[in-house]
Amino acid sequence: MAREKIAFFINTSSFDQVTFSLAIAVSYAALNSEVNILFGYSGIQRLKKNIVDEIGDETDILIREKIKSGIQKKGIIKISESLEMIKRLGGKIYACPAAMALHNITSQELIEICEIKGMVEFIREDAKDAKIIYV
């Protein structure tokens, strides 16, 4: 029986939305699904070194302090930790080159666990016959 295939398009940089999306991705990967994630226009910022776990202005002001407290108490997993779990479970994490260009991000600025892949190639190879989750 073929493994279930899940493709995530993450187009937000909001910490809470990315964290929740990655929790779903980790769960799918732990259940032996094939998980592929493409970080797009705003989401690409979450793949930058030194920014991946920041809780910035893109996250709703009403929950920023709750998120910080949750991370300190180990109740909320950092984005970088979720990405590493997904990778360990066989998932693939991609940065969209168009989004990189939009934000003037070079490949050297990206975290090491991601690869660069364009939208068309991602759709053709990684999202084909997959359940799609857009965030």
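All values below were derived from every heavy atom in this structure, side-chain atoms included, with hydrogens, water molecules and symmetry-related copies excluded.
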Using modelled atom types and a 3.5 Å cut-off, is there a donor and acceptor pairing between side-chain atoms of D53 and backbone atoms of I79?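 At least one qualifying donor-acceptor pair exists.
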Where the side chain of S27 meets the backbone of A23, is there a donor-acceptor pair that is under 3.5 Å apart?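 Yes, because the side chain of S27 sits within donor-acceptor range (under 3.5 Å) of the backbone of A23.
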Apply side chain to side chain donor-acceptor pair (under 3.5 Å) to Y134 and list each qualifying residue two or more places apart in sequence or on a separate chain.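 For Y134 the side chain to side chain donor-acceptor pair (under 3.5 Å) partners, ignoring immediate neighbours, are N11.
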Does T59 have any side chain to side chain donor-acceptor pair (under 3.5 Å) partners at least two apart in sequence or in another chain, and if so, which?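 Residues passing side chain to side chain donor-acceptor pair (under 3.5 Å) with T59: none at all.
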Does the pair E4 and K131 meet the rule for a salt bridge (charged side-chain N to carboxylate O under 4.0 Å, His left out), with working shown? CA-CA 8 Å; E4 183 175 24; K131 288 182 181 175; 2.5 Å; yes
Minimal non-hydrogen separation, [X] against [Y], with atom names:
{"X": "S80", "Y": "V52", "answer": "CB-CG1, 4.0 Å"}
{"X": "S21", "Y": "V135", "answer": "OG-CG2, 3.0 Å"}
{"X": "L38", "Y": "C96", "answer": "CD1-N, 3.9 Å"}
{"X": "S42", "Y": "S13", "answer": "O-CB, 3.3 Å"}
{"X": "L110", "Y": "A95", "answer": "CD1-CB, 3.8 Å"}
{"X": "N32", "Y": "R3", "answer": "O-NE, 3.2 Å"}

From CA spacing to verdict: side-chain contact (heavy atoms from CB on, under 4.5 Å), K92, K117: CA-CA 11 Å; K92 296 199 174 144; K117 186 177 272 194; over 6 Å; no
Given side chains that start at C-beta, do those of I105 and L47 come closer than 4.5 Å, heavy atoms only?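 Side-chain contact under 4.5 Å: no.
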So do I6 and I132 actually touch side chain to side chain, heavy atoms under 4.5 Å?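 Of all side-chain heavy-atom pairs linking I6 with I132, none is under 4.5 Å.
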How many angstroms lie between atom [atom1] of [X] and atom [atom2] of [Y], to the nearest 0.5 angstrom?
{"X": "K78", "Y": "I67", "atom1": "NZ", "atom2": "CD1", "value": "13.5 Å"}
{"X": "C114", "Y": "I37", "atom1": "SG", "atom2": "CD1", "value": "11.0 Å"}
{"X": "S14", "Y": "I55", "atom1": "OG", "atom2": "CD1", "value": "10.0 Å"}

Going by the rule salt bridge (Lys or Arg N to Asp or Glu O under 4.0 Å), which residues pair with K49 if we only count those two or more places apart in sequence or in a different chain?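 Once residues adjacent in sequence are excluded, the partners of K49 under the salt bridge (Lys or Arg N to Asp or Glu O under 4.0 Å) criterion are E112.
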Decide, yes or no, whether a salt bridge links D126 with K5 under the criterion of side-chain N to carboxylate O below 4.0 Å.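 Salt bridge flag = no for K5 with D126.
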Presence of salt bridge, R46 and E58, under 4.0 angstrom: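 Looking at R46 together with E58, the answer is yes, because their closest N to O distance falls below 4.0 Å.
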Within 6.0 angstrom of K87 NZ, more than 12 heavy atoms from elsewhere: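 Above 12, so yes.
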Please determine, by modelled atom types, if T12 and Q17 share a side-chain donor-acceptor pair under 3.5 angstrom.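 Side chains of T12 and Q17: pair found under 3.5 Å.
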Mind checking side-chain contact (heavy atoms from CB on, under 4.5 Å) for L31 and listing every partner two or more places apart, or none if nothing turns up?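 Counting only residues at least two positions away or on another chain, L31 forms no side-chain contact (heavy atoms from CB on, under 4.5 Å).
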Do [X] and [Y] sit in one hydrophobic cluster, given that two such residues count as connected whenever their side-chain heavy atoms are within less than 4.5 Å of each other, even indirectly?
{"X": "I77", "Y": "I63", "result": "yes"}
{"X": "I44", "Y": "M119", "result": "no"}
{"X": "I10", "Y": "M85", "result": "yes"}
{"X": "Y28", "Y": "I113", "result": "yes"}
{"X": "F39", "Y": "I111", "result": "yes"}

Please evaluate residues F8 and N36 with respect to the criterion side-chain contact (heavy atoms from CB on, under 4.5 Å), reporting the C-alpha separation (whole Å), side-chain torsions for both, the decisive distance (0.1 Å), and the verdict. CA-CA 6 Å; F8 287 79; N36 301 298; over 6 Å; no
Check ring-ring contact (aromatic ring centres under 6.0 Å, His included) between Y94 and all other residues, then give those that pass, not counting sequence neighbours.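 Counting only residues at least two positions away or on another chain, Y94 forms a ring-ring contact (aromatic ring centres under 6.0 Å, His included) with F122.
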Can you list every side-chain hydrogen bond (donor to acceptor under 3.5 Å, both in side chains) pair that touches residues 96-108, not counting sequence neighbours?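 Sorted result for residues 96-108: T106-Q108, T106-E109.
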